[in-house]
There are 2 protein chains.
Amino acid sequence: MPQTMVPDVVVRRLPLYLQALNHLAEAGRTLVSSTELGEAVGVSSAQIRKDLSFFGEFGRPGLGYEIRYLISALQRILQLDKDWHMVIIGAGALGHALANYRGFEDHRFAIVGVFDHDPDRVGARVGRLLVEPMELLPSRIRENHVDIAILSVPARSAQAVADQVVACGVRAILNYAPMALSTPQDVHVTYIDPIARLQAMTYYL
Amino acid sequence: MPQTMVPDVVVRRLPLYLQALNHLAEAGRTLVSSTELGEAVGVSSAQIRKDLSFFGEFGRPGLGYEIRYLISALQRILQLDKDWHMVIIGAGALGHALANYRGFEDHRFAIVGVFDHDPDRVGARVGRLLVEPMELLPSRIRENHVDIAILSVPARSAQAVADQVVACGVRAILNYAPMALSTPQDVHVTYIDPIARLQAMTYYL
DNA sequence: GTGTGTGAAACTGTTCACAGCT
DNA sequence: AGCTGTGAACAGTTTCACACAC
């Protein structure tokens, strides 16, 4: 769909636009200008218009953007009009919190399995699922067509686990372990590390 | 210290360098080249050298960087050689998970209070702390010299809570609510939203 | 008048490549 | 030989400003 190569930084902003648009829609609004949307997400109006222009023309000059229409357009662009299957690996406190987080299923990200290496954790209940042993991970990934692996394991195990899921064909990893992962070029890794974020903020305080 | 204005993107990479350096130090290493450090973090060697050059000269030509020395230099630059005081606001599942996360105190980020608006949650135990009512938040922020507020409240309350902590003098917010915050220019806000990160990854799948 | 879409300009960030040090 | 530190070249991103549409 994108005629030109789309910068990654643009793709990362689209979910923020979507979020703000959903809030506006819930508030009963039907139209929004790039200026107003920009203020809601904290970027310039020109940025919004330029970002959207990578994918087509979604606004009406003189009026702005029809909110419901722009929401569906962004969902289609980001491939959010289908369900995505995820596994959580690591059933510690973080793994439990993630498994119980309703936000995932609300956005069509389905958790189809929770795995842990530790036999003491296997069989424990997390949300509506039971913790399974790592041995069952490959078959589960293939049978349930798992798209994304969420890593909530200790830093020292993260690389080995990443290697395993990549070997099973997973091409997207959300990594909560404070550890940079080495993966093939076609695997997408996103890092969530509150410590690193805090450490960048303290620089400015 | 920085002679020139330091780009924000550089500051955000420093914690990643620190992380990799700590892993190397734990592995017993004493020296590292920009090439090797770059491979560990996933950036180019030139990037590492250029980033560090904003703050001074930390390496030895022909040898590389003395790991322990570079760790202390980065800690000093990021102001990690002191304790930071934080409050968690929102004592739901996420608030509990954050309060129990050992990583914070391991990195000198101390949680000095957990607050919730809901009377049913006040008094509940979270880690070694008790949930306190929002009414006590201002005095706690001032008495304990709180530097950072972690928001784990619903999106609809996030802006109001942010306004409160800013009014109490907090200038750094780590926001887990899926909601852009509007704050004065001198307040630093960092967002952690796994849904937004997943939605950016699905674009590429 | 209001507001989009978009080339061009301005700005920011990254990579190159090499002088100089060990 | 090996590696840092850095100006210069390059690439990427944001902002500007305006033609055009409602």
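To find a chain, count down the sequence lines: A is the first, B the second, and so on, and within it residues start at 1. The structure presented is a predicted model; accordingly, all values stated were derived computationally and were not measured.
- You'll find that the side chain of B:Val9 is closest to C:dT14, out of C:dT22, D:dT13, C:dT14.
- The shortest distance between the side-chain N/O atoms of B:Tyr65 and the OP1/OP2 oxygens of D:dG5 is below 4.0 Å.
- At the phosphate of D:dT13, neither OP1 nor OP2 sits under 4.0 Å from any side-chain N or O atom of A:Gln47.
- The side chain of A:Ser44 places no N or O atom within less than 4.0 Å of a non-bridging phosphate oxygen (OP1 or OP2) of D:dT14.
- Side-chain contact between A:Asp147 and A:Val170 is absent, with no heavy-atom pair separated by less than 4.5 Å.
- Nearest to the side-chain atoms of A:Leu63 among the listed nucleotides D:dC22, D:dA8, C:dT22 stands D:dC22.
- Residue A:Ser33 is the one, among B:Asp8 and A:Ser33, whose nearest nucleotide of DNA chain C lies closer to the 5' end (criterion: closest heavy atom).
- The distance between atom CG of A:Leu37 and atom C1' of C:dG3, rounded to the nearest whole Å, is 13 Å.
- Among the protein residues, B:Val10 comes within range of no part of the nucleic acid, since none of its heavy atoms lies under 4.0 Å from any strand.
- The CZ atom of A:Phe54 sits 11 Å away from the C1' atom of D:dT14 (whole-angstrom rounding).
- At C:dC16, none of the side-chain N or O atoms of B:Arg49 fall inside 4.0 Å of OP1 or OP2 (strictly under the cut-off).
- At whole-Å resolution of the value, CD1 in B:Ile48 and P in D:dT4 are 10 Å apart.
- Rounded to a whole Å, the CG atom of A:Leu31 is 14 Å from the P atom of D:dC22.
- Atom CD of B:Glu57 is separated from atom P of C:dG20 by 14 Å (rounded to the nearest Å).
- Looking at heavy atoms from C-beta onward, A:Tyr65 lies in side-chain contact with A:Ser34 at the 4.5 angstrom threshold.
- Separating the CZ atom of B:Phe55 from the P atom of D:dT4 is a distance of 18 Å, rounded to the nearest angstrom.
- Relative to the side chain of A:Lys50, the nucleotides C:dG7, D:dT6, C:dT22 differ in distance, and C:dG7 lies closest.
- Out of C:dT15, C:dT4, C:dA8, the shortest distance to the side chain of B:Ala46 is found at C:dT15.
- Here A:Arg102 pairs with A:Glu105 in a salt bridge; the nearest charged N to carboxylate O distance falls below 4.0 Å.
- Between B:Ile77 and B:Phe54 the shortest side-chain heavy-atom distance does not fall below 4.5 Å.
- One interatomic measurement links the two molecules: CZ of A:Arg60 to C1' of D:dC20, which rounds to 15 Å at whole-angstrom precision.
- Each of A:Leu52 and A:Gly62 was assigned the nucleotide of DNA chain C with the nearest heavy atom; the assignment lying further toward the 5' end belongs to A:Gly62.
- Taking the six-membered ring for Trp and thresholds of 30 and 60 degrees, A:Phe55 and B:Tyr203 have ring planes more than 60 degrees apart, a perpendicular arrangement.
- Contact annotation: the side chain of A:Phe58 approaches that of A:Leu52 to within less than 4.5 Å [non-hydrogen atoms, C-beta and beyond].
- Between B:Ser34 and D:dT4 there is a side-chain N or O to OP1 or OP2 distance below 4.0 Å.
- Note on A:Arg13: a side-chain N or O is less than 4.0 Å away from OP1 or OP2 of D:dT14.
- Rounding to whole angstrom units, CG of residue A:Leu70 and C1' of C:dG3 are separated by 15 Å.
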